Structure formats: C-alpha cells, structure tokens
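Have a look at this one before I ask anything.
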Amino acid sequence: MPKPLKTLEPWRSVDHWVGAELRHRRTAAGLDQPELAARANVSTSLISKLELGQRSLQLDIARKLDEVLHADGFFVRAMPLVEGQRDKSSSELDNPLNAGTLLGKHAGLRGMLGQADQSMTEEPEVNRREFLASTGAWAALLATGTARMPGLANLIAVVLDTAPTYSGDLASLDALEGGFALAKREYQACKYREVLERLPGLVQQLHLAEGETTDVDRLAALRANAYQVVAGVMLKHSEQTLATLAADRSMTSANLLGDPIAVASSARAVTHVLLRTGYADVAADFAAKQASLLESEPRTPVNLSVQGALLLRGAVAAADAGRRAKSSELLDAADAASAQFENADNLRGTGFNRVNVSLHRVRIAIALGDAGRAIEIARDIDMTSISLVERQVSLAIDVARAFVLWGRYERALDTLYFAEAAAPQEVRVRGNVTELLKTIEGAAPPSVRPHAREFAKKLATV
C-alpha cells in the first residue's frame, strides 16, 4: 500500500504554495517522487522537501521541473515570488497568532471558500443543494434568461455611423443624460441585454444632438460618459477594436471639456482597453500618470473615488505586466485614498471604497501567481458589503481562478455556480470562465469533470 501523502499547507507561504503546485503537477503527470527526482536529476529528498514547503525553489531546479513536467515555464515564472515574498510571507503566517486568526475567522465568503485548511489530497464533500440555496436571494432578484445577448450589431452600426437614419423626435440633453445614467446602472448590474436594447438609440440620439445643441460643455461631458459605457460593453463582448474607438472618443471629449475629473474617468476606460489589447505595461504607466494629475485637485470624495479607481486599474495592469513593485505602489496609493472618506455610493460610477481595494488585491494576487494569498484575502471580504453585482461576480470568478491554480477544482466549480446564479449574463460574456471550465474538465478528478462539461454546455446555450 502506498504511503499516505502528508497534508500540504499552501496558504502559509509562497514556498508552501509552490510545493502544493509541484505535487499537483507531479501527480497529474502520473509520477511518484522518486520518478520525478530521477528525471530532474535531483534527490527524492529534495522533491519531498519542496512539496512540503521546507525548501525554497532554485532557478536551476525550476527550469528542470518545467521541462520534465511540461509546465510551460510555470516554475521559472514563480521564482520572483519565491525570491521576493517568501521571507515576508513566512514571517507573517508562521506566527501562531496570525495563523490562528487567518484560519479561525471565515467571515464573508466562507461558504464559497470552504475550509482552506483541508488537505489538497482530500476531495471535500459538497452539499450542492445546500450551497446553491445560499444563492437564492441573488437568483430571485437578478436571474435572467440564458439566451445570448442581441443588439450588439445594432450598437456597432450606430458607433460606426452606418445605422439607418433616425427620423424621430430629437431627445433633450436631460433625457439623454438620464438614459445613459440608467444604461450605466444596468451595466453595473450585469444586465447586458437591457443595455444593448437601450444603448444604440441613445448613441444615435447623441450623434444627432451634436449638430443641434449650443451647450458644448454639457454635450462634451455627456459624450465622455456615454462612450465609457460603450467601451465597457464592447470589451465585455471581446470587441477590442471598437472598444478602443469608444475609449478614444471618451478621452477626446473629456480633454475638450477640460475637467480633470472627466479626464481621469475617461482614462479608466483607456487603461482598461490598453490592458485588454496586450499593452499592460503601457496601461500601468498611463493610469499612474493620469491619477497623479488629480493630486493638485481638492480632496473631495468624488475626486478621491475617481483617482482611487484609476489607481486600482493601473495596479491590475502593473501586475499583469509582472511589475510587482509598481502594482504594490498603486494599490497602496488607492488604499490611502479610500481611507480619506467614508464608503460612498458609487460616486461617478466608480464603486470605489476600501472593499473595492480588497477585491483588487485578490485579482492582483492571482495575476502574480499567489493563489493561496488570493483566497486568504477573499475569505475576509463580506460579500454583502459589495454594492455592485458586477464586482460581486468578479470576486467569485477570481476566487474560482485561484482554486484552479491551487488544484481545488470542485471548489472552483462550486464558486462558478455561485457566480452564474448571481448574474448569468456576466458569466456568459466572460471568456475566462470558459477557459476555467476547460481546465477543470481536463484536470479535475473524474467525478468532477462531467459537471464542468455540463456547465460549459449550459453557458453556451443560445
């Protein structure tokens, strides 16, 4: 009988997390420790100590492991984490008081996260009916049909000015402002079908108003806000080229208006587009520069909200670019901004507050490869304190990504169920959900794979 595997503790430090990942990849490859050691030309004892987090990974060993386990450079990419965070993480989490606090308090997402102190070698029993019952309030309030969203072609035609000529009455600026404000609220509630029904007509009316109104400043402000929404919708549907066009129109209008807050708001859209089109490094620097321009402005809640939201988007971009120090700097600056005012109600559509900073810390931890740290942060977030449905679902999807990185595929799948119950439309437009389900279907235990396959089919239902 094979010797039972020792319990791993991937949340304790970067070394422990790398060890857990090593075990997962080794067992997925069908190798025992002596076989892996022989192929990597190292001792079995070293492999055992690496898996238990008792030894730190070295670059030459990382290269061998990537080659033998066909890990696509994972262990080499983990080296900055090992070298940069190991000492700090170990000193915090090896302290019995800190460890007791982290493992003993499971407020907020406990039902979603489960018991993080379970062994990775154990497949936790999940009472799916009980789990899904916890989503009932969300499902009752927000659930919609499962059809794919119509109306995108209409919006594209209007943005490109190829739609049929509008022959109705011209809407007032008051009506247009109210219409775009409602579209923004629907967008943040993940009601994308409703947005796509509303937005084409509003944008076409906006184009007509440009030739009629004499209130140039008001029109510029309206155009800047409108095209932020358009850019977001285009990105949700992977229309990066048109999102770029919309973000540029938003930024141009904001610059024409000359209002620093409007410029910073539009800069968020530009940063998001740069990030999604492969320019994470540029996006981080752009966001940092635009946020710095608000330093001379009065420190009002609105200004702090816009600046903080821009800093957070820059921090995500920096993390995606692998710039750990820059990401940490922008995160800390956003945290400092959030501490200067009481939590506000979605000022200027930013949803910015201290909880929002924590949500971004989760995402950034994942981007930097620290799944254990991401779950650790998420465990202390109270889902009910997140006012925007989009942010609630984003957190759930980020947690699912962390669980996949951690090798806890059933937990990842349950978390995606939670997200889909809350906002079906959001889950359907997220390409990373499809990728997560493919990973789960390919790597999870046989008992879990059919559930991932069926869920993927459900999401693809027209």
Side-chain angles (χ1 to χ4, degrees), residues 184 187-188 220-221 223-232 235 243-244 246-277 279-321 323 325-341 343-364 367 386-388 390-391 394:
K184 177 71 171 181
Y187 175 88
Q188 292 184 321
R223 183 181 170 91
N225 291 332
Y227 274 104
Q228 287 177 42
V229 180
V230 173
L235 285 179
T244 302
D248 179 70
R249 288 182 181 175
S250 177
M251 195 71 180
T252 299
S253 297
N255 283 325
L256 178 64
L257 183 63
D259 175 13
I261 301 302
V263 171
S265 295
S266 295
R268 287 179 62 215
V270 173
T271 301
H272 201 184
V273 168
L274 287 169
L275 178 58
R276 287 284 298 274
T277 52
Y279 295 96
D281 204 31
V282 176
D285 290 334
F286 176 78
K289 179 181 178 181
Q290 294 297 321
S292 70
L293 298 178
L294 290 179
E295 288 296 331
S296 60
E297 298 297 314
R299 311 305 284 165
T300 65
V302 169
N303 291 5
L304 289 165
S305 294
V306 172
Q307 183 186 46
L310 183 54
L311 288 166
L312 288 178
R313 192 153 284 178
V316 170
D320 278 11
R323 297 168 63 183
K326 186 66 174 179
S327 181
S328 180
E329 172 193 330
L330 296 177
L331 260 177
D332 289 345
D335 201 16
S338 71
Q340 295 183 51
F341 66 99
N343 287 351
D345 186 19
N346 198 24
L347 295 176
R348 287 297 288 255
T350 62
F352 179 74
N353 52 38
R354 303 209 79 167
V355 175
N356 192 220
V357 176
S358 295
L359 301 185
H360 283 75
R361 290 192 186 279
V362 172
R363 182 168 301 178
I364 287 166
I386 307 171
S387 60
L388 301 179
E390 183 192 17
R391 303 284 168 83
S394 292

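Scope of the values below: all heavy atoms of this structure, side chains included, with no hydrogens, waters or symmetry mates. Just so it is clear, the model here is predicted, and its values are computed rather than measured.
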_Side-chain heavy-atom pair Asp248, Met251 within 4.5 angstrom cut-off_ = no
*Partners of Thr277 by side-chain hydrogen bond (donor to acceptor under 3.5 Å, both in side chains), sequence neighbours excluded?*
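Applying side-chain hydrogen bond (donor to acceptor under 3.5 Å, both in side chains) to Thr277 gives none.
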*asked:* Quick one: does any side-chain atom of Thr271 pair with a main-chain N or O of Gly314 as donor and acceptor, under 3.5 Å?
replied: no
*Are Leu331 and Ile364 close enough that some pair of their side-chain heavy atoms sits under 4.5 Å apart?*
yes
*Is there a side chain to side chain contact (heavy atoms under 4.5 Å, CB included) between Leu293 and Val263 once you walk through the steps?*
CA-CA 10 Å; Leu293 298 178; Val263 171; 5.6 Å; no
*Find the distance between CG (Leu274) and OG1 (Thr244) and round it off to the nearest 0.5 Å.*
7.5 Å
*For Ala309 against Phe352, the heavy-atom pair lying closest together*: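 Heavy-atom minimum between the residues: N-CD1, 3.7 Å.
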*Do Val357 and Asp335 come close enough that some side-chain heavy atom pair is under 4.5 Å?*
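Counting from C-beta outward, Val357 and Asp335 do come under 4.5 Å.
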_Nearest non-hydrogen partners of Gly308 and Ala337, listed with the distance_ =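 Closest pair (atom of Gly308, atom of Ala337, distance): CA-CB, 4.5 Å.
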*Hey, are the side chains of Arg268 and Thr350 touching, using non-hydrogen atoms and a 4.5 Å cut-off?*
yes
*asked:* I need the minimum non-hydrogen distance between Leu257 and Ala262, along with the two atoms involved.
replied: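 Of all heavy-atom pairs spanning Leu257 and Ala262, the closest is CD2-CB, 4.0 Å.
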*Yes or no on salt bridge (charged side-chain N to carboxylate O under 4.0 Å, His left out) for Arg323 and Asp285, after CA distance, side-chain angles and deciding distance?*
CA-CA 11 Å; Arg323 297 168 63 183; Asp285 290 334; 3.0 Å; yes
*Would you give the length of the straight line joining atom CG of Asp332 to atom CZ of Arg361, rounded to the nearest 0.5 angstrom?*
5.5 Å
_Asn225 and Gln228, any side-chain heavy atoms less than 4.5 Å apart_ =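 A side-chain contact under 4.5 Å exists here.
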*Taking the side chain as every heavy atom from C-beta outward, state whether Arg299 and Gln307 have any pair of such atoms under 4.5 Å apart.*
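The answer is yes; the side chains approach within 4.5 Å.
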*Apply side-chain hydrogen bond (donor to acceptor under 3.5 Å, both in side chains) to Ser253 and list each qualifying residue two or more places apart in sequence or on a separate chain.*
Arg223
*Short side-chain to backbone donor-acceptor contact, Ser328 and Ala325, under 3.5 Å*: no
*Measure the CD1-OG1 distance between Ile261 and Thr300 for me, rounded to the nearest 0.5 Å.*
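Answer for the CD1-OG1 pair, Ile261 versus Thr300, is 6.0 Å.
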*Please name the pair of heavy atoms, one in Ala280 and one in Leu275, separated by the smallest distance, quoted to 0.1 Å.*
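Shortest heavy-atom contact: CB-CD1, 3.8 Å.
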*From Leu310 atom CG to Ser305 atom OG, the distance as rounded to the nearest 0.5 Å*: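 It comes to 12.5 Å.
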*To the nearest 0.5 angstrom, please state how far the CG atom of Leu235 sits from the CZ atom of Arg276.*
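Between atom CG of Leu235 and atom CZ of Arg276 there are 5.0 Å.
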_Quick one, Arg363 and Ser394 - any side-chain contact, counting heavy atoms below 4.5 Å?_
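Contact flag for Arg363/Ser394 side chains = yes.
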*asked:* Minimum heavy-atom separation for Ala254 and Ser266, please, with both atom names.
replied: CB-OG, 3.5 Å
*Would you give the length of the straight line joining atom CZ of Arg391 to atom CG of Asn353, rounded to the nearest 0.5 angstrom?*
8.5 Å
_Within the 4.5 Å heavy-atom criterion, are Val316 and Leu312 side-chain neighbours or not?_
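They are not in side-chain contact.
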*asked:* To check you understand the geometry: which heavy-atom pair defines the closest contact between Asp320 and Ala367, and what is its length?
replied: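 That closest heavy-atom pairing would be OD1-CB, 3.4 Å.
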